[in-house]
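Comments concern the structure below.
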Amino acid sequence: MEAIRFNALFFNHEIPFCKVYSVESKDKLEKLLLTNRISFFVEWQEKKPWQKFLGNANSGKSEFTIRINEADSVLASDLLEGIDCVKLGAV
């Protein structure tokens, strides 16, 4: 029996797609991606120890990195137009 061959270009090729800077925008983006059947992964950016210690001015600011499959990047970038606090090609 011959092994199944996958197209290596898009199979399991996750890319950092954008950064989101508010919880509300992250929730809106999650719903948008889910309704358009785009799988994603959300990374919550941890603050550096010195940022926690110094109580930075941005201490209340959240930062998330959204990772998606490369095959969905064109569709996802078209969907992101008009969403606040999102920076494309962020990583």
Side-chain angles (χ1 to χ4, degrees):
M1 188 180 210
E2 190 174 322
I4 297 173
R5 295 181 187 194
F6 292 102
N7 183 353
L9 182 61
F10 292 121
F11 178 72
N12 198 21
H13 195 254
E14 185 179 90
I15 60 170
F17 177 65
C18 67
K19 285 198 177 197
V20 182
Y21 297 101
S22 75
V23 177
E24 296 82 18
S25 293
K26 179 189 72 72
D27 293 340
K28 184 190 266 187
L29 179 59
E30 284 179 351
K31 288 178 185 175
L32 185 65
L33 293 174
L34 284 172
T35 56
N36 288 283
R37 297 182 176 197
I38 297 174
S39 63
F40 62 93
F41 175 74
V42 179
E43 282 182 321
W44 188 305
Q45 303 301 121
E46 291 290 325
K47 293 183 181 176
K48 310 280 190 282
W50 58 270
Q51 289 175 326
K52 291 179 185 177
F53 179 71
L54 294 175
N56 218 359
N58 295 330
S59 60
K61 188 176 180 182
S62 299
E63 184 177 322
F64 308 94
T65 302
I66 308 292
R67 303 175 67 83
I68 64 170
N69 190 298
E70 185 180 24
D72 298 324
S73 62
V74 174
L75 174 61
S77 60
D78 290 341
L79 294 171
L80 282 185
E81 292 179 16
I83 295 182
D84 309 357
C85 300
V86 175
K87 183 177 176 188
L88 284 175
V91 184

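The analysis underlying the following values was restricted to heavy atoms, covering all of them including side chains, and did not include hydrogens, waters or symmetry mates.
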Distance, nearest 0.5 Å, that separates CG of Leu29 from CG of Leu34: 9.5 Å
Salt bridge (charged side-chain N to carboxylate O under 4.0 Å, His left out) partners of Glu30, counting only residues at least two apart: Lys26
What pairs of donor and acceptor atoms, side-chain ones from residues 37-44 against any protein atom, are under 3.5 angstrom apart with sequence neighbours left out?
none

From CG (Leu79) to OG (Ser77), nearest 0.5 Å: 8.0 Å
Approximate separation, where rounding is to 0.5 Å, of Ile66 CD1 and Lys19 NZ: 11.0 Å
Heavy-atom side-chain proximity of Phe17 to Leu80 below 4.5 angstrom: yes
Minimal non-hydrogen separation, Ser73 against Ile68, with atom names: CA-CD1, 3.7 Å
